[in-house]
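Below is one structure; the comments refer to it alone.
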Protein chains: 2
Amino acid sequence: MKRIGEVALALGLSVDTLRYYEKIGLVKNIQRNGSGVRCYQESDIARLRFVKRAQKIGFSLGEIASLLNFRGNPQKAKPLVRELALQKLTELEQHLKEITALRDELSQLVNLCNATPEGCPILDSFETD
Amino acid sequence: MKRIGEVALALGLSVDTLRYYEKIGLVKNIQRNGSGVRCYQESDIARLRFVKRAQKIGFSLGEIASLLNFRGNPQKAKPLVRELALQKLTELEQHLKEITALRDELSQLVNLCNATPEGCPILDSFETD
DNA sequence: GCTTGACCTGAAGTTGGCTCCAAGTCATAA
DNA sequence: TTATGACTTGGAGCCAACTTCAGGTCAAGC
């Protein structure tokens, strides 16, 4: 039965973020004490850890909401979760390719810049087709 | 002397984007005809191509504005541009590392999922510390 | 003369994930 | 008893890079 400040500290989230997660329905039915103060149960905190971990993997809060809904029914969930994970994996691979290409191109420009005594080959490269 | 629609089509940008670029000062002093219609000169279009190319390299519009200002003075610009490019390169490398780590972790989860006949190891992985 | 379509403007809305604010309640410590 | 500090709320603000909207002008074609 932790209060919001303790939970925030424990999880490395801000209290505003915790309230925001509640507002968008990512965590639900947080108990309140007589004064209206949120009292997080262990299960709520586990849910929040789930959110954090899934977010770190690259899922959006919307996708995490889906994952959390799947959680109630693991048998039904398996293929759906697998599909979501595969799709996310594809996105990451694509993202990776694009960034690698950018990195290589920029790296080449910087090398060129080192090798060129005057003028600015980086700016020049933007000028020509 | 092209009109905004032609330029948009030629560059693969929307007319709204072109007007937006003008609003934020990324392109300046676009001529107008008697009716107030924008008339883009070749130099304006070159500038826009510069913007597109720099954006593709991963520079933000703000950074591109700086680059464009440098352009007037290539000698002075060189070290500044080099520094900006190096910094961007570092960012890209960092980004690359993070995404690779995510990719690997998710990939492992999907493999585990393939190898596990029942239950959902992906969801399970979010549950435990 | 009327319609169509491209253009104009300033302002507001969108996205995701927070972050901050003002104004108020409540329990505890000095 | 009063001051502190953690909590409450609804709502606004933030970021980038657009996108959409409402309402208006203008030139060309039928």
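Below, read A as the first sequence line, B as the second, and so on, with proteins coming before strands; counting in each chain starts at 1.
- Spacing between atom NZ of A:Lys52 and atom C1' of C:dG17 amounts to 15 Å, rounded to whole angstrom units.
- Across its full length, the helix from C:dG1-D:dC30 to C:dA30-D:dT1 shows an angle of 30° between the axes of its 5 terminal pairs at either end, rounded to 10 degrees.
- Placement of B:Met1 and B:Val37 in two distinct hydrophobic clusters is found when ILVMFWY residues are connected by side-chain heavy-atom separations under 4.5 Å, directly or transitively.
- One atom, OH of B:Tyr20, and another, P of C:dT14, lie 17 Å apart when rounded to the nearest Å.
- If you chain together hydrophobic residues whose side chains sit under 4.5 Å apart, A:Leu9 and A:Ile4 never meet in one group.
- Under the salt bridge (charged side-chain N to carboxylate O under 4.0 Å, His left out) rule, B:Glu22 has a single partner from B:Arg47, B:Lys28, B:Arg38, which is B:Arg38.
- Using a 4.0 Å heavy-atom distance criterion, B:Arg38 is classed as a sugar-phosphate-only contact.
- When rounded to the nearest whole Å, the span between CG of B:Asn33 and P of D:dC26 equals 11 Å.
- Using a 4.0 Å cut-off between a side-chain N of Lys or Arg and a carboxylate O of Asp or Glu, B:Lys56 and A:Glu105 do not qualify as a salt bridge.
- Residue A:Gln55 places at least one side-chain N or O closer than 4.0 Å to OP1 or OP2 of C:dC18.
- Taking atom CD on A:Gln31 and atom C1' on D:dT8, their separation rounds to 17 Å, with Å as the unit.
- Among the heavy atoms of the strands, none lies under 4.0 Å from B:Ile24.
- Between A:Lys23 and A:Val37, the one whose closest nucleotide on DNA chain D sits nearer the 5' end is A:Val37.
- A:Lys88 and A:Glu91 are joined by a salt bridge, as a carboxylate oxygen and a charged side-chain nitrogen come within less than 4.0 angstrom of each other.
- Here C:dA6 presents its C1' atom at 13 Å from CG of B:Asp16, a figure rounded to the nearest Å.
- Atom CG of A:Leu102 is separated from atom CG of B:Leu92 by 6.0 Å, given to the nearest 0.5 angstrom.
- Here the P atom of nucleotide D:dC7 and the CD atom of A:Glu22 are 14 Å apart, to the nearest Å.
- Distance A:Arg19 CZ to D:dA6 C1': 10 Å, rounded to the nearest Å.
- For A:Glu83, the CD atom counts as loosely surrounded, since its 6.0 Å shell holds 12 or fewer non-hydrogen atoms of other residues, nucleotides or ligands.
- Rounded to whole Å, atom P of C:dA6 lies 16 Å from atom OH of B:Tyr40.
- Nucleic acid contact for A:Glu63: none, since no nucleic acid atom lies under 4.0 Å from a heavy atom of the residue.
- Distances shorter than 4.0 Å separate none of the side-chain N or O atoms of B:Arg3 from OP1 or OP2 on C:dA6.
- Both A:Ser35 and A:Thr17 lie close to DNA chain C; mapped to their nearest nucleotides by heavy-atom distance, the more 5′-ward contact belongs to A:Thr17.
- Proximity of A:Arg32 to the phosphate of C:dT25: no side-chain N or O atom is located under 4.0 Å from OP1 or OP2.
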